[in-house]
Number of protein chains: 2
Amino acid sequence: MIENTDAAVLSRLRDFLATAQLPDGGRLPPERDLAESLDVGRSALRKALATLQAEGVVWRHVGKGTFTGERPIDTVADINAMVHRTNPLEVMGARIAFEPEVARCAALNATPSQIAELRSAMLKAQQAPTWRLYEQWDNRLHRLIGEASQNSLLLGLLDTLNAVRRAVTWGRLRDTPVRPPPDHHSFEEHARIVDAIANRDGSAAADAMRRHLRSVEGHMRDVR
Amino acid sequence: MIENTDAAVLSRLRDFLATAQLPDGGRLPPERDLAESLDVGRSALRKALATLQAEGVVWRHVGKGTFTGERPIDTVADINAMVHRTNPLEVMGARIAFEPEVARCAALNATPSQIAELRSAMLKAQQAPTWRLYEQWDNRLHRLIGEASQNSLLLGLLDTLNAVRRAVTWGRLRDTPVRPPPDHHSFEEHARIVDAIANRDGSAAADAMRRHLRSVEGHMRDVR
DNA sequence: TACCCGAACCAATTCTGCATTGGTTCGCTT
DNA sequence: AAGCGAACCAATGCAGAATTGGTTCGGGTA
C-alpha cells in the first residue's frame, strides 16, 4: 500500500517533474492522466499542484494546461485605454518628443535601399492628387523612417503611437478632390528630413523632424 | 453586346464600388461572385482589381478577401510579440532614444510635488539594502519621470517599453544580499537628472538621462 | 467526522476538418 | 493575342468536437 498523504503526493509530483526533464515553460500531462500515472486521486493531485503553483514552480490555465516556470506576461499595450486618456494635443506632444529621436536612429542605421524607399515615398506624397492619398504616403514615410532605425522595439512603439493617433483623429480625414498645394510646407520639411538621413546626420534629421512636427502642430491649431 | 475592354471593366467596377456604399474597410464580394455579377471573366476582373489595389483604393489577402481602404498596419501592440522580436541591445537603444526626451518633457511640466517625489524615490534607491530593492526604486524613479511629463501617451509608451524591458531581461534579477556600493555610478547620474528637472532645464535633463542610460549600457556589456 | 476518490458538469481553450478566397496555371475559344 | 472557364494551391475563416483546469456532489473509507 502506498501512502497518499499530502506530503507523499507532493513529493512524488516533484519526483515526476525532476524525472520528466521538461524544457522551461514545457507542459505537464493533463491532470487526469497525471493522477492516474501517479496512482492518486485527482483532488489530491490538484492540492499538490496548487502548492507548486503557489511556489511559482508551475502555472495553470483553464483549457491550456499546466506549465513549468512562471506565467508569461500577458500585458498588451491597451491602445483603447490610451485613446480614452489622451487628446490630440498630447498626441502631438508625444510625436514631437519621440519621432525626432527615431529619425536620428534612422540616420545612423538606414540601409541605402531604405533611403531610396524614403525618397520614393516622399515623391509619392508630393504628387498625391488628393489629401487622402497625401496622408497615406505621409504615414508611409513616417513608418519607413521607423523601419530605417533598424530597431524593432522603436518601430513597435511608433506603431503604437500611430495607432493611438489615428484613433484620436478619427473622422478628420480630408477626402476633398482638392490636392495639397505645390508649396505645402510639409514638402520641403520632408525633403530636409530625408536628406539628413541620407547624409547620415543624426542631429540634423532629429532637428528637421522636430521642425516638421512643430509646423504640423501649428497648422493643426490654425485649422480649428 | 457589352464591351469588356480593360477600361470598361475598370469603370464598371468603380461604379459597383460607388453603388455598394461599402463602409470604410468593408469587404467586397469574392472575385468569383463579383466576376459573375459584372458579367466579366475572373482574369479581367482581377486586372481591374490590381489597378484599384495599386491606387490604394482596395487591398487584398489570400483567404481573407478584398477590402476597401488601406491595408491596416500590422500593429503589434502585443508586448509578447515585441519581446520575441527584440533583444537587450535594442531595448537599451530604444531607452536611450526615448527616455531622455521624456525627461525633457518632465523638466518642462513637472509639478513641485512630483519633483519632491522624484527626490524621495532617488534617496530610497540610494539607501536600498539589496540590489533587488535598488532596481525596484530605480524603476519607480524612471516611471515618476514619465508621470511628470504630464503626457499620458508618453507615459503609456514608457510603460510599454518597460514591460518589454522586464520581459527581455528576465532572470537577470540580482537578488544577492549585497547592496549597491555607495559610489555606484547611477547615484550621481540620478541626482543630475532630478536636479535638471527641478531647475526646469529640459536640455540638461535630457543630457543627464542620456548619459545615465549610456552608463548603464556600458555596465551591461561589462557584466557579460 | 474528516478525508479522498470517482464521476459529472462547466467554461475557456485548442484541435480538426471543411468551406472560402485570392493567386496561379492550363487548355480552349474568339 | 487575349479573355474565358476550369482546376488546383496555399492561406484563412469557421463551426463543431475534443481537451483541460476548476468545481460540485455523492459514496466510500479510515
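The chains referred to below are lettered A, B, ... by the order of the sequence lines, with proteins before strands, and numbering in each begins at 1.
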Considering only distance and modelled atom types, tabulate donor-acceptor pairs under 3.5 Å from the side chains of residues 122-129 of chain A, sequence neighbours left out.
none

* To do: Please determine, for the side chain of Lys64(B), which listed nucleotide (dG22(C), dT14(C), dG13(D)) has the closest atom?
  => dG13(D)

* DNA chain D contacts among residues 45-61 of chain A, heavy-atom distance under 4.0 Å -> Arg46(A), Arg60(A), His61(A)

* Phosphate OP1/OP2 of dG21(D): any Thr66(A) side-chain N/O under 4.0 Å -> yes

* **Residues Arg95(A), Glu90(A): salt bridge by 4.0 Å N-O rule** => no

* Below 4.0 Å: OP1/OP2 of dC4(C) and any side-chain N or O of Ser43(A) -> no

* To do: Starting at atom CD of Glu31(A), determine the distance to atom P of dA7(C), rounded to an integer number of angstrom.
  => 16 Å

* Can you name the residues that form a side-chain contact (heavy atoms from CB on, under 4.5 Å) with Arg214(A), not counting sequence neighbours? -> Ile96(A), Arg210(A)

* Asked: Could you give the CG-to-C1' distance, from Leu34(A) to dT20(D), as a whole number of Å?
  -> 13 Å

* Structure fact -> Separation of dG5(D) atom C1' from Asp39(B) atom CG, nearest Å, is 14 Å

* To do: Name all residues meeting the side-chain contact (heavy atoms from CB on, under 4.5 Å) criterion together with Arg27(B); count only those two or more places apart in sequence or in a different chain, and write none if there are none.
  => Phe67(B)

* Donor + acceptor pair across side chains of Asn109(A), Arg104(A) (<3.5 Å) -> no

* Asked: Expressed in angstrom and rounded to an integer, what is the separation of Leu10(B) atom CG from dG3(D) atom P?
  -> 13 Å

* To do: Please list, chain by chain and in numerical order, all residues satisfying salt bridge (charged side-chain N to carboxylate O under 4.0 Å, His left out) with Arg143(B), sequence neighbours excluded.
  => Glu147(B), Asp159(B)

* Asked: What is the distance from CD of Glu36(A) to P of dC4(C), rounded to the nearest Å?
  -> 20 Å

* Please give, in whole Å, the distance from dG5(D) P to Arg32(B) CZ? -> 13 Å

* **Contacts of type side chain to side chain donor-acceptor pair (under 3.5 Å), residue Gln136(B), not counting sequence neighbours** => none

* What integer distance in Å separates Arg27(A):CZ from dT19(D):P? -> 11 Å

* Does Arg42(A) place a side-chain N or O at less than 4.0 Å from the phosphate oxygens OP1/OP2 of dG21(D)? -> no

